[in-house]
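Let me begin by presenting the structure, written as structure tokens, before commenting on it.
Every chain is numbered from 1, with letters handed out A, B, ... down the list of sequences.
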Protein chains: 2
Amino acid sequence: MSGRQGGRPTLEQVAARAGVGRGTVSRVINGSPRVSEQARRAVARAVAELGYVPNQAARALAGSRTDAIALVIPEAEARLFAEPYFLDLIRGVSAELADADRQLLLTLVRSEQERQRFEQYLAAQRVDGVLLASVHGDDPLPDRIRELGIPVVMNGRRSEAEPVPYVDTDNIGAGRAAVAHLVARGRDRIATVTGPLDMYVARARLGGYMAGLAEAGRIPDNSLVSAGDFTEEGGRRAMRGLLDRRPDLDAVFVASDVMAAGARGVLREAGRRVPHDVALVGVDDSPVARLMDPPLTSVRQPIEEMGRTMARMLLREIAGTPEEPRRRVLPTELVVRDSCRAVSGS
Amino acid sequence: MSGRQGGRPTLEQVAARAGVGRGTVSRVINGSPRVSEQARRAVARAVAELGYVPNQAARALAGSRTDAIALVIPEAEARLFAEPYFLDLIRGVSAELADADRQLLLTLVRSEQERQRFEQYLAAQRVDGVLLASVHGDDPLPDRIRELGIPVVMNGRRSEAEPVPYVDTDNIGAGRAAVAHLVARGRDRIATVTGPLDMYVARARLGGYMAGLAEAGRIPDNSLVSAGDFTEEGGRRAMRGLLDRRPDLDAVFVASDVMAAGARGVLREAGRRVPHDVALVGVDDSPVARLMDPPLTSVRQPIEEMGRTMARMLLREIAGTPEEPRRRVLPTELVVRDSCRAVSGS
DNA sequence: CAACGACGTGGGAGCGCTCCCATCAGGGGG
DNA sequence: CCCCCTGATGGGAGCGCTCCCACGTCGTTG
């Protein structure tokens, strides 16, 4: 469609064609208001005719901004949450960035060594900001990045009092809702399988479980709590422990759908019917939940929305107009399925 | 650890500190052999002391390469293959790129409009090459990108005679293996639920099914073939159609695990036992397969390996030393589970 | 012993932008 | 009627690299 004669056209060429100066073209491209309507039109026309597209590298060099942001995901977690968690997150982030005409640099970090290398990237000024997923309790990276003066927003937090801006879901609310639901269905001895307790998300869900029991006037009992690790096998192990200690349990709040799948298998092997003998509630509302037999009641998190929110917050941070509050907690929602029908005959 | 006094150090500063010229530092940084050992050491020291990291934008501008590659995934597909397909692919690509010190730019394309915008990115010279996932039969994008002179490698192909370099799995082999297995288990009336037939991958799997039957001396029968669309609901529909037409079927090769999950539900509702009455084989070996009841026999594809191979090929294309052959077909593997035990009593 | 490569090396000339300053027209107020 | 302010404009000066050419400085060859 256009005159491509030895490489792509430059600003200068557009300027020449439009009969204006380089500065004016730049102003038009960047939407500055201090340009006459006439000049604007002439430039727009030249741009179209030449098929001009600004060279990103030159822009970045001259303007010291890259229009790219990095999303950092620890590879180990990506494997763990095999469920579409990260894909949903990426989808949200990507959508928001696309709308803002920003690029998404995805960084799967496999090892501590690679994380070091990541700091090099930052130093190389490849990105304007960083989105950090799945941070563990004692992770120093968020602070390090901030020290470098680079805007960061995290997915989840490391502790209750997180200094770095973040977007999290209401994990406490998730636990409470699950327990409240089980209580309402007449369950008496409600156990829980937690995530790894070095992660805040796991502690928060456990906290919600406790709070839920308290609200129902029940006294929490340690023998009804068993720690998993967010894997299916971890779910199996925890469930076996629970069954050994408390064969009388009649409901379990499992802190992830994947663990719930493991727990469900153990229950089946132990001859317990779900939901007849034992009711089950998971967290994530992942495809697994729908496919389980019976389908699993689960607490849904707005993952894609988290991604969008994170990206939006980060863009504001980069723009220098941070959005308050810088800590967001999005609501969760209980999706009721067949895994916790009311106690029969009661 | 280092003297950060107003911005990051530049090449020039490193040169000054090392007592050499700018050119020499550049040579050391880029691993040119034409540098004396002495100079090399002096530079290395200065780099370490100053904490120097080359500015990526400047490099890109001067050298006209970005060290970044784009991975383009149609958003619609990402939703479809909810299964960890893309995450696995990304993982493979990411690993290979990290080893080569390249950046991964992830582009989720939501609409035709965004695809246009993607061509702008390319024109802006943001990336050195492009990885294209999930291309449909008549997609012009791969050719367009090549016309722009940008190296491309695709995941899958658009047709048997694909001109653009690609990495695919042996979908025909997948179908054949599945059918052979069902035949070996004594199944007689083997049906298939296909993917959308405008995608080569779906046609190839169907072709494999046909070939498998032929090899077993069976005559394919159209009433045993039903088209799905890779969704669970599509699987349900196709299965219902099959059951209507051929209530006597005793096995189904379903072209994806997700559709198999749908089909399994329909079979249950119809009172057919799996594998007793009807044996089932899926494709993907996704978590769903393991979690199904009974666990689903499925054809595994080396997805992560595909990602790695694609990235490796692309890097070679970019380097100007293309790896032959430029079309790769990776083998698949049948993972046997309980969904197709041998016919009872035979 | 002169001439000539090979090797290291320094630094100029861009790469294509953005930033900003100087300039030029106008238009309104003193 | 002149001055000053505003708004629009052109273009110089970099941004921090890579590329490449020209320049020593040796060791080697005829």
All heavy atoms of B/I73 vs all of B/A133, minimum pair found to be CG1-CB, 4.1 Å
5'-most by nearest nucleotide on DNA chain C - B/G19 or B/A62: B/G19
Which pair of non-hydrogen atoms, one from B/P151 and one from B/E317, has the smallest distance, and what is that distance? CB-CB, 3.9 Å
Nearest-Å distance, CZ (A/R22) to P (C/dC21)? 16 Å
Does A/N55 place a side-chain N or O at less than 4.0 Å from the phosphate oxygens OP1/OP2 of C/dC15? no
Give the rounded distance in Å between these two atoms: CD of B/E37 and P of C/dG8. 10 Å
Could you check how far CZ of B/R65 sits from P of D/dG16, rounded to whole Å? 19 Å
Between A/L61 (CG) and D/dC15 (P), how many Å, whole number? 9 Å
Does a side-chain N or O from B/R59 land closer than 4.0 Å to OP1 or OP2 of D/dT18, or not? yes
Indicate the atoms forming the closest heavy-atom contact of A/G51 with A/R8, along with that distance. O-NH2, 3.1 Å
Do the side chain of B/R40 and the main chain of B/V35 share a donor and acceptor less than 3.5 angstrom apart? yes
Straight-line distance of A/R102 CZ to A/D67 CG, nearest 0.5 Å: 5.0 Å
Using a 3.5 Å distance criterion without hydrogens, assess whether the side chain of B/R157 forms a donor-acceptor pair with backbone atoms of B/D168. no
Establish, from distance only, whether the side-chain atoms of A/R328 and A/T309 form a donor-acceptor pair under 3.5 Å. no
Can you give me the N/O atom pairs linking the protein to nucleotides 6-9 of chain D at distances under 3.5 Å, or say none if there are none?
| unit_1 | atom_1 | unit_2 | atom_2 | d |
| --- | --- | --- | --- | --- |
| D/dT9 | OP1 | A/S36 | OG | 2.7 |
| D/dT9 | OP2 | A/S36 | N | 2.9 |

Spacing of B/L11 atom CG relative to C/dG10 atom C1', expressed in whole Å: 13 Å
Figure out the CD1/P separation between B/I29 and D/dG16, and round it to whole Å. 15 Å
Rounded to whole Å, the CD-C1' distance (B/E12 to D/dC17) equals 10 Å
Using a cut-off of strictly less than 4.0 Å, decide whether B/S26 has a side-chain nitrogen or oxygen near OP1 or OP2 of D/dC17. no
Should the side chain of A/R8 and the base of C/dG16 be counted as holding a donor-acceptor pair, with the cut-off at 3.5 Å? no
